[in-house]
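All of these numbers come straight from a predicted model, not from anything done at the bench. Sequence positions, counted from 1, serve as the residue numbers for this chain.
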Amino acid sequence: MATTQKAASPAKKSTGFQGIKAAFWIIVVCFILAVCFFKFFLGSPDHINPENGEVIDGNIWGTIYKGGVVVPVILTLLFTVIALSIERWLALNTAFGKGKLPKFVANIKAALNANDFAKAQDLCDKQRGTVANVVGASLRTYKEMEATSGIKKEQKIARIQQAHEEATQLEMPTLTMNMPIIATIVTLGTLTALFGTVVGMIRSFAALAAGGGADSQALSLGISEALVNTASGILTSWVAVVAYNYYTNKIDKLTFALDEVGYSIAQTYEANHAEEA
């Protein structure tokens, strides 16, 4: 009589920092910080003459302040990228576990080849993190399949693979959380810079159209606003691109390790139960 199969055990919940789900509040805080930075630091009397509103001796911070109202928007995007980069760094460090991931994968494969499942489970308990959670879930299903009779070997292997995939899907949201926001800022930084540049050039051409020496100040102010917004927007997009590609590469390495170990577990079961029908 067939033994009733137990439901696959879910992956253990990762311990440590799991990421910030309410990223909206990060953006709000970054916007407040950007406005305060713009008003109280960039626009301080140390950088801007309070009497005539002019930049003091070509001060770089005062020049940035002259970029206008678009500057706080770009600063919000920049601060958000920096904050989410730190958040992703902490979350992915937790996901990778305590030890080096390549070494952990190699040790797990060696334990599987030696049919030492107790050692493999012990390695998972010590490593922790996403890969260890998924491997632990696959090992538990492996043991359940060994105790299950009445189904074909191919079905057992398929269930081990299914348990591995389900555990992976449970862990993936933690890995990719807030990555779409960083990817969006890559484009928003450039577009906001373009918007600020256009606004600055509109002011410059308006001053040029008015003519006269009295409008030279307005002309230079418009050009300064355009260039400041261009430079700050490009910087924001640059930081966002680097952060996005860096963390995407780390996530790809982790998912590759998951696939490699999952394949090894399934192959180990097939090799150890070659006599089963």
Side-chain angles (χ1 to χ4, degrees), residues 11 14-31 33-34 37 64 67 70-106 127-135 164-165 167-197 227-263:
S14 298
T15 57
F17 184 75
Q18 297 298 300
I20 299 175
K21 295 182 180 179
F24 169 77
W25 294 110
I26 294 180
I27 299 174
V28 171
V29 171
C30 289
F31 174 73
L33 291 176
F37 183 80
I64 296 175
V70 179
V71 172
V73 178
I74 297 178
L75 287 176
T76 299
L77 298 176
L78 178 60
F79 290 170
T80 300
V81 169
I82 294 174
L84 292 181
S85 296
I86 296 173
E87 183 264 353
R88 285 294 83 203
W89 185 80
L90 294 173
L92 289 177
N93 270 0
T94 299
F96 270 72
K98 293 185 175 181
K100 297 293 185 181
L101 188 58
K103 182 178 180 181
F104 170 73
V105 172
Q127 176 74 11
R128 300 185 179 181
T130 294
V131 177
N133 289 342
V134 174
V135 173
H164 181 87
E165 292 171 0
T168 301
Q169 291 303 315
L170 288 174
E171 296 286 346
M172 284 305 294
T174 300
L175 303 179
T176 59
M177 187 188 305
N178 297 328
M179 289 295 291
I181 298 177
I182 298 178
T184 301
I185 293 177
V186 171
T187 302
L188 281 182
T190 304
L191 292 178
T192 306
L194 180 61
F195 174 75
T197 302
L227 296 179
V228 164
N229 289 326
T230 301
S232 56
I234 290 174
L235 173 64
T236 299
S237 293
W238 184 86
V239 174
V241 167
V242 171
Y244 182 80
N245 288 335
Y246 174 76
Y247 290 117
T248 298
N249 183 55
K250 287 182 72 70
I251 293 171
D252 288 343
K253 288 181 179 178
L254 196 147
T255 53
F256 176 78
L258 288 174
D259 293 340
E260 185 178 1
V261 176
Y263 177 80

Show, in sequence, the C-alpha distance, side-chain angles and deciding distance for F256 and D259, and conclude whether the side-chain contact (heavy atoms from CB on, under 4.5 Å) test is met. CA-CA 5 Å; F256 176 78; D259 293 340; 5.6 Å; no
Under a 3.5 Å distance rule, please check whether R88 uses its side chain to pair with a backbone N or O of L175 as donor and acceptor. yes
Which atoms form the tightest heavy-atom contact between A257 and V105, and what is the distance? CB-CG2, 3.8 Å
Side-chain heavy atoms of V28 within contact of W25, under 4.5 Å: yes
Under 3.5 Å donor-acceptor, Q127 side chain and G99 backbone: yes
Where is the tightest heavy-atom contact between S85 and A243, given as atom of each residue plus distance? OG-CB, 3.3 Å
I would like to know whether W89 and Y247 meet side-chain contact (heavy atoms from CB on, under 4.5 Å); could you show each step before the answer? CA-CA 8 Å; W89 185 80; Y247 290 117; 3.2 Å; yes
M172 vs T168, test: side-chain contact (heavy atoms from CB on, under 4.5 Å). Steps then yes/no. CA-CA 6 Å; M172 284 305 294; T168 301; 4.1 Å; yes
Roughly how far apart are I251 CD1 and L92 CG, rounded to 0.5 Å? 5.5 Å
Side-chain donor/acceptor of S237 to backbone N/O of I234, under 3.5 Å: no
Nearest-0.5 Å distance, OG of residue S232 to CD1 of residue I64: 7.5 Å
Separation between CG of N178 and NZ of K21, rounded to the nearest 0.5 Å: 11.0 Å
Nearest heavy atoms of T176 and P180, plus distance in Å: O-CD, 3.6 Å
With distance as the sole test, does H164 use its side chain to make a donor-acceptor pair with the main-chain N or O of L258 at under 3.5 Å? yes
Between N249 and N245, does a side-chain contact (heavy atoms from CB on, under 4.5 Å) hold up when you go through it step by step? CA-CA 6 Å; N249 183 55; N245 288 335; over 6 Å; no
Quick one: closest heavy-atom pair of A240 and I182, and the distance? O-CG2, 3.6 Å
May I ask you to decide if V134's main-chain N or O and E171's side chain share a donor-acceptor pair within less than 3.5 Å? no
Report the distance from atom OG1 of T76 to atom CZ of F37, rounding to the nearest 0.5 Å. 12.0 Å
Which atom names give the shortest non-hydrogen contact between I181 and A23, and what distance separates them? CD1-CB, 3.4 Å
To the nearest 0.5 Å, tell me how far L84 CG sits from I20 CD1. 8.0 Å
Pairwise side-chain contact, T130 with T174, heavy-atom cut-off 4.5 Å (strictly under): no
Could you tell me the separation between the CD1 atom of I74 and the CZ atom of F195, rounded to the nearest 0.5 Å? 10.0 Å
Report the residue from V186, L78, I185, L77 that forms a side chain to side chain contact (heavy atoms under 4.5 Å, CB included) with V239. L78
